[in-house]
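This report refers to the structure that appears directly beneath it.
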Amino acid sequence: MSTHNNHPYHLVDQSPWPLTGAIGAMMMTTGMVKWFHMYNNDLLLISTSVLILTMIQWWRDVTREGTYQGLHTYPVVIGLRWGMILFITSEVLFFVSFFWAYFHSSLSPTVEIGSSWPPMGISPFDPMSIPMLNTSILLASGVTVTWAHHSLMESNKSQGTQGLFFTVILGIYFTILQAYEYIEAPFTIADSVYGSTFFMATGFHGIHVIIGTLFLSTCLLRHLLEHFSASHHFGFEAAAWYWHFVDVVWLFLYISIYWWGS
């Protein structure tokens, strides 16, 4: 059995998903090497499929344990909360490295890039155009996800659904605008340290927006399936925390790279 009557902790059953996930990760690493050197992405596509199937089935089991089997007791949820907090902390440090690289190069530009920032020949984006619109979109999405959270705590299913739906739509809209900005960019990732730091920082943020949108889309589906209650909805809370983290990172990106850096 997964748990015992004499303690509130969740002792998980044996599962194949850690093994299949590790195999998929190893296949993906090998597949990327094969793609880079032999221009063949067959193994990469197979490994991606393995990882996606592993994630779907692993998280399906976690949802079943917490929603239907009642194994996510209060002490277990406390552990999950700390796990999410530490994960977001690691993500903060991940982005700190990109900001460090950006400010290292911009505060004291070297002779090789013309002793100026942006480097000579680089035409930066107008911070008052698409970047400002994207800032408004993410700030609005922070409002709608908070609206959904408070509706959930008040057992208001219809408003919770609306708030989550609008948050997902705003996340998709942000991603479309970011893609359009990249297509129209007057510089590339190969254009000096400016292009490298710009596309690495904003690109990884864009990936996090896509992940957060998928996270919230899953929460919307679970909300419609009555998986959440006013007192038991940590899956949604984790998604909301992650989304607020994405919002805050974008504010720092906008202020430092788009506005100050231009």
Side-chain angles (χ1 to χ4, degrees), residues 15-59 86-106 109-110 112-114 117-125 130-131 134 171-172 174-215 217-218 242 245-246 249-250 252-253 256-258 261:
S15 170
W17 311 132
L19 178 61
T20 59
I23 292 172
M26 182 182 67
M27 288 171 59
M28 177 169 278
T29 305
T30 310
M32 291 186 74
V33 172
K34 185 180 179 183
W35 181 34
F36 292 161
H37 291 277
M38 301 176 66
Y39 306 103
N40 185 317
N41 60 5
D42 292 347
L43 186 59
L44 181 61
L45 294 175
I46 293 171
S47 64
T48 302
S49 301
V50 170
L51 285 175
I52 291 174
L53 288 170
T54 297
M55 288 188 289
I56 291 173
Q57 293 172 108
W58 198 342
W59 293 335
L86 292 173
F87 169 68
I88 291 176
T89 302
S90 72
E91 292 282 89
V92 169
L93 296 175
F94 176 75
F95 277 100
V96 163
S97 65
F98 294 127
F99 284 109
W100 188 300
Y102 181 81
F103 284 113
H104 175 82
S105 301
S106 61
T110 61
E112 288 78 8
I113 59 173
W117 194 265
M120 295 179 65
I122 296 289
S123 299
F125 289 103
I130 290 180
N134 269 343
I172 294 171
F174 176 94
T175 303
I176 292 171
L177 287 175
Q178 190 78 41
Y180 175 77
E181 184 181 69
Y182 279 8
I183 293 169
E184 296 295 320
F187 55 89
T188 71
I189 196 171
D191 285 326
S192 80
V193 69
Y194 184 92
S196 300
T197 52
F198 175 88
F199 281 104
M200 286 294 287
T202 60
F204 270 109
H205 176 267
I207 291 172
H208 282 71
V209 170
I210 293 171
I211 293 170
T213 304
L214 292 172
F215 202 170
S217 300
T218 303
Y242 188 84
F245 155 73
V246 168
V249 169
W250 174 258
F252 279 99
L253 282 173
S256 60
I257 294 180
Y258 286 102

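Only a predicted model underlies this, so the values are computations on that prediction, with no experimental measurement involved. All values below were derived from every heavy atom in this structure, side-chain atoms included, with hydrogens, water molecules and symmetry-related copies excluded.
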4.5 Å side-chain heavy-atom contact, [X] and [Y]:
| X | Y | result |
| --- | --- | --- |
| Ile257 | Phe198 | yes |
| Ser105 | Trp117 | yes |
| Pro18 | Trp58 | yes |
| Ser192 | Phe187 | no |
| His208 | Val249 | no |
| Leu43 | Met27 | yes |
| Val193 | Tyr102 | no |
| Pro131 | Glu181 | yes |

Original post:
Cut-off 3.5 Å, side chains only: do Thr202 and Tyr182 have a donor facing an acceptor?
Top reply: yes

**OP:** Indicate yes or no for a side-chain donor-acceptor contact from Gln57 to the backbone of Leu53 under 3.5 Å, with no hydrogens or angles considered.
**Re:** yes

Original post:
Under 6.0 Å between ring centres, would you say that holds for Trp59 and Phe215?
Top reply: no

Original post:
Between Phe252 and Phe95, does the ring centroid distance fall short of 6.0 Å?
Top reply: no

Original post:
Which of these, Phe199, Tyr258, Phe98, Phe174, sits in a ring-ring contact (aromatic ring centres under 6.0 Å, His included) with His205?
Top reply: Phe174

**OP:** Nearest 0.5 Å please: distance from the OG1 atom of Thr30 over to the CE atom of Met32.
**Re:** 11.0 Å

**OP:** Report, as yes or no, whether the 6.0 Å neighbourhood of atom CE on Met120 holds more than 12 heavy atoms from other residues, nucleotides or ligands.
**Re:** no

Original post:
Any chance CH2 of Trp35 has more than 12 other-residue heavy atoms, nucleotides or ligands included, within less than 6.0 Å?
Top reply: no

